[in-house]
Chemist: 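One structure follows; several queries about it will come next.
Indexing begins at 1, ligand by ligand and atom by atom, following the structure's order. Computed from a predicted structure; not experimentally measured. Just so it is clear, the values below take in all heavy atoms, side chains as well, and ignore hydrogens, waters and symmetry mates.
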Amino acid sequence: MVVKRVPGLNGRLALAIAAAAFGSAFQHGYNTGVLNAPQTLICKFINETAYERYGSYMDETQLTMIWSWIVSIYCAGGIFGAMMTGIVADRLGRKLGLLCNNITILIGVILIGFAKPCGYYEMLIVGRFFVGINSGLNAGLTPMYLAEISPSHLRGAIGTVYQLVVTISILISQILGLESLLGTESMWPWLLSCTIIPAIFQVCTLPICPESPKFTLLNKGKEIEAQRALTWFRGTIEVHEELDEMRAEYEQMKAVPKPSLKEMFTLDALRMPLIISCMMMVAQQLSGINAVIFFSTKIFQSAGLDDNTSQLATLGMGAMNVVMTLVSLVIVEKAGRKTLLLFGFTGMFVDVFLLFLCILFKDSASWISYFSIILVVMFVVMFASGPGSIPWFLVSELFNSGARPMATSIAVAVNWTSNFIVGWSFLPLQVLLGPYVFIIFTVLLGLFVLFIWFKVPETKNKTAEEIAAMFRQRSYTQG
Ligand SMILES: *[C@@H]1O[C@H](CO)[C@@H](O)[C@H](O)[C@H]1NC(C)=O
């Protein structure tokens, strides 16, 4: 170990993290969770709107169809936003990109908030699309900005803040959705509109923080400004070492032109990191986390908890997700990314297989249903220990600044697409296969564990240059 004085967390860096993460990850988590509680209320509104408009009520199929649109168009917006990340991050920059992105939230909230007063449920669908675009862009821009402003020994911890805020905001959306708070017939438009608050927070705080020094130097070539930004973030003028590293990266980047979309898939040194980034995104979504959470209420009920207690237990699981993400934030710089990914996915693999057995044999002994509760909780714990947070920032770590925006764009779009696929296919599959649907997740998780074991490099504490060098070695480039 080289002992040197490394600048760590300070007030300004913390402000930048809060401005970027709270102002954007919140949208992602909140809008993922917010529709669960008021589903019946919103469906009632749609049903009544149809009656006022056409003089007849909707049948179950039509209503389910419209509801599915409202839920899943968010993912479609997410895919679209993710695909735009590369262009936005290159043209506007990370900071300005994030700031401008708040326009989509404003449009979304106006449409969603006024849907009920205006009597148009269609506005909910269009509004959710805009909110989705916002979340898609955020999921790319924020981890990129966070990774670029962090000192390398804190990059993982600061990158984890994104997922931490996502889990917190899912929990907040569930709590606010309770009937005693905003989950009522008159209040649900307000519940959905709360997502404007973090946008206002971001518009007030992020302008104070400088643009990512890497973007300023490597994309804009402005050295003085980059140095000034770095000094601001580190709280010290002794930033020469880090600046030299960035300069070296800059020189190298000038020699090698920015890769084209085609080169991302064909150049050996880029293809492998891209495959890894995308696989981790797929793994995060196809791990079955949403399926287990979906099943949790049923599992709690079959263990004899009543409706109210089951609902509380679900909230408890959300809280567990927050706590464990916080734990992973603390240990990710010590344990390393690869170790936590392996630990998390292996744990989920074993867990979901046991859960499958429990559901299969749930009637043969009474202790089994209690054991399933433990398994569900453990599954969330395993997910939060690494698989939930690491994929978001790993992509920024695996690429140097030239390829980073495009790689992020592709990886985050893959994440939203997987999210979309799981959302659409899980229920039909579950109807078709029953508990055997968990076998699919067991097999997938097994494959992800093998992939991580053989292919994912450890990026802890490494500079962009060292990571790029790893991929130039044969062991990683030969797929
Ligand atoms: C729509 O509302 C009417 C009247 O309240 C009700 O009878 C009908 O079941 C509702 N439709 C659906 C699909 O819930």
Chemist: Of the non-hydrogen atoms in S150 and R155, which two are nearest, and what is the gap between them?
Modeler: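 Taking S150 first and R155 second, the nearest heavy atoms are CB-CA, 3.8 Å.
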Chemist: Could you check whether any side-chain N or O of K338 sits under 3.5 Å from a backbone N or O of V456, counting only pairs where one atom can act as donor and the other as acceptor?
Modeler: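 Checked: pair present.
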Chemist: Is a salt bridge present between R94 and E148, judged by a nitrogen-to-oxygen distance below 4.0 Å?
Modeler: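 Looking at E148 together with R94, the answer is yes, because their closest N to O distance falls below 4.0 Å.
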Chemist: Tabulating one pair per line, provide the atom names and distances (0.1 Å) for every N/O atom of ligand 1 that is less than 3.5 Å from a protein N/O atom.
Modeler:
unit_1   : atom_1 : unit_2 : atom_2 : d
ligand 1 : 2 (O)  : N47    : ND2    : 2.3
ligand 1 : 11 (N) : N47    : ND2    : 2.8
ligand 1 : 11 (N) : M58    : O      : 3.4

Chemist: With sequence neighbours excluded, what pairs up with E48 under the salt bridge (Lys or Arg N to Asp or Glu O under 4.0 Å) test?
Modeler: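 With neighbours one apart ignored, the set is K44.
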Chemist: For the side-chain contact (heavy atoms from CB on, under 4.5 Å) test, which of V166, L176, I197 pairs with Y30?
Modeler: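 Among V166, L176, I197, the one that satisfies the side-chain contact (heavy atoms from CB on, under 4.5 Å) with Y30 is L176.
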Chemist: Does NZ or CZ of R404 come closer than 6.0 Å to the centre of the six-membered ring of F215, within 45° of the ring's axis?
Modeler: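 Ring-cation test returns no.
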